[in-house]
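Contents: one structure, followed by commentary.
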Amino acid sequence: MGNTNGNPDVRLMKGNEALAEAALRAGMKAYFGYPITPQSEVLEYLTAHGPEHPEVVILQAESEVAAINMIYGASGAGARVMITSSSPGISLMMEGISYMASAQLPALIVNVQRGGPGLGTIQPSQGDYFQAVKGGGHGDYRLIVLAPASVQEMVDHVFEGFRLSEKYRNPAMILADGALGQMMEKVVLPPAGSLAPPDFAWATSGKSSTRDRNVVTSLFIQPERMEQINLALQAKYRTIEEAEVRCESIGMDDADVALVAFGLTSRICQKTMELARAKGIKVGLIRPITLFPFPYTVVRSYVDRVEAFLTVEMNAGQMVEDVRLAVEGNRPVHFTGRMGGMIPTPEEILAKVETIVHQPAKA
Amino acid sequence: MENTFIPVGMEVVYKKPQTLTDTPMHYCPGCGHGVIHKILMEVIDEMGIQSETIGVAPVGCSVFAYDYMNVDMQEAAHGRASAVATGVKRVRPDKFVYSYQGDGDLAAIGTGETIHTVNRGENILMLFVNNGIYGMTGGQMAPTSLLGMKTSTSPFGREASTMGYPLKITELVAQLPGAYYVTRQSVHTTANVRKLKKAIEASFRYQKEKKGTCFIEVVSNCPSGWKMTPIEANEWLEKNMFPYYPLGDLKAPK
């Protein structure tokens, strides 16, 4: 890309295209994808810019099922890999994602969510929270899940996602949505080469005479061994929970009502905060940036300082279950949301706030 | 460890390839897998490409192939071995990459991946072992089970009107421009084992020259699944499988 003469590389870009450019600058070595709205611009951008990056493998697979297994192979062979799709396509990848979690293969998986269930709609949604955060595929595994709320974070989370997935040998997911993928915003692009290329001793790179063969597998047929693998995975997830929680708190110092929202809805909630404060209602916002690990401790730290929590999501209420786990019944936890590709307005969230604020405590 | 002690007047006429591990194989008596593994590893030994070869194992009887093959290997999800091999080969284009798959894996659940991998002309070897049955799961009907063949899920024999016809996937892939070398072999006699070995050698040679996909079907047996002795199984193979799956090259460079 263009020479910026030492100045920050500032662009006006679509979320999907910014994410694709970020992946190239983050040293991605292979991308396998399949077209699906609203994320097809990622594959289009990468194939258009492929000739500038002959060292990067970019391939349109015959299906999402094939694509995730190509990612498995390329990651197992030691390459920095990314795959992107939208909700129905991510569902098709779930088997492969479970295999990668078990085989401990790093990869960056991007879900630019659309409304479901089923073929649903192509409009934005946050309906895949459970799938991303609680499992989705079979077996006990976790993804590291990052929730961007701006085009800038679509870029930043690519670098962070690669770094975390390689650090922990675990697939990481960026859980975006159709609005973040399609909208244009100002973005500062980091320079290429700032993320060191991986060098994995475990990768299938060809068995030299000085080491044993490397095997990438998720098959451990003896139950005693499989349990040990599970215990090791769980220990890893606990480490991630200790070390990698990211959360932003806005206006929480004097808040009576805490909004809890991630991604696009956290942007809408910031407008609700302004509207509420103009009316004299003290509203703050807790924005989880990592959905796994979830910021339980941060949410819990406000239990004694607010009257109530209001979780706002573009789904029927999924993250609200984690907010309730954090609050442990010590305060009311309310929910409001829209589904099926509909986006809540700041005003309708405010109306919900007004129904819950300064309510007398239940006897 | 190689035994270097050779009594006076004797010479070594046979030895196990060093690229085959010492792990005892779990295959049933008379099964073709052990022979095919051994021949594949022997070629890798003789071509001196152990350090440059990456294998992909399927789901099926050969799911533990990586316990026996002393090369870097990846275990794939059921049907996806050629997609995994594509991923490996694309980021390691100078390595030799092969997938080792059975009929259920390659010709049922993985049909899409098989067709498209060959259609892209991926520079890999796909080694396809066709014994007309799901061995690992206990003898169910395979896409390649012959008409009339009794299996645990076609207990009265495979019948075309409801179960379809045995799939000649090798004929199918031979039509694709990405396929460079497509051949059907067997390991039921020593002479056939030698032919298979030549086909594997040729495939790795073509892979080095980046010619496209090489696809070798080995029509093999399943004494346990077919409920026969090994000798009966090989006789049944000649009498029933070969007429439907005739041996020889389907596509070969001139």
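Letters A, B, ... mirror the listed sequences (proteins, then strands); counts begin at 1.
No hydrogens or angles considered: a donor-acceptor pair under 3.5 Å links the side chains of A:Gln131 and A:Ser91. At a cut-off of 3.5 Å, with distance as the only test, a side-chain donor of A:Tyr31 or A:Thr84 sits close to an acceptor on the other residue.
For B:Lys210, the NZ atom is densely surrounded, since the number of other residues' heavy atoms within 6.0 Å is greater than 12. Atom CZ of A:Phe130 has more than 12 heavy atoms from other residues, nucleotides or ligands within 6.0 Å.
Proximity to chain A involves both the backbone and the side chain of B:Arg90, based on heavy atoms less than 4.5 angstrom apart. Residue A:Ser98: no heavy atom, backbone or side chain, is found under 4.5 Å from chain B. Proximity to chain B (any heavy atom under 4.5 Å) is shown, for A:Ile68, by neither the backbone nor the side chain. Contacts of A:Leu59 with chain B are made by side-chain atoms alone, with heavy-atom separations under 4.5 Å and no backbone atom involved. If you measure heavy-atom distances from A:Tyr72 to chain B, the contacts under 4.5 Å come from both the backbone and the side chain. The part of A:Val57 that comes within reach of chain B is its side chain, from C-beta onward, which places non-hydrogen atoms under 4.5 angstrom from that chain. Only the side chain of B:Thr21 has a heavy atom closer than 4.5 Å to any heavy atom of chain A. In this structure, chain A has a heavy atom under 4.5 Å from the side chain of B:Phe64, while its backbone stays farther away.
A:Phe162 carries A:Arg80 over the face of its six-membered ring, with the cationic atom under 6.0 Å from the centre and within 45° of the normal.
Ranked by heavy-atom pairs shorter than 4.5 Å toward chain A, the options B:Val71, B:Thr53, B:Ile49 are led by B:Val71. For the set B:Ser82, B:Ala76, B:Gly79, B:Ala77, the entry with the most heavy-atom pairs within less than 4.5 Å of chain A is B:Ala77. For chain B, the option among A:Ala79, A:Ala66, A:Gly96, A:Ser205 with the highest count of heavy-atom pairs below 4.5 Å is A:Ser205.
Looking at every heavy atom in both residues, B:Arg80 comes nearest to A:Val65 through NE-CG1, 3.3 Å.
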ask   = Is there a side chain to side chain donor-acceptor pair (under 3.5 Å) between B:Tyr66 and B:Glu75 once you walk through the steps?
value = CA-CA 8 Å; B:Tyr66 53 78; B:Glu75 165 55 35; 5.0 Å; no
query = Does the salt bridge (Lys or Arg N to Asp or Glu O under 4.0 Å) test come out yes or no for A:Asp128 and A:Arg114, once each step is laid out?
reply = CA-CA 9 Å; A:Asp128 305 344; A:Arg114 55 189 255 182; over 6 Å; no
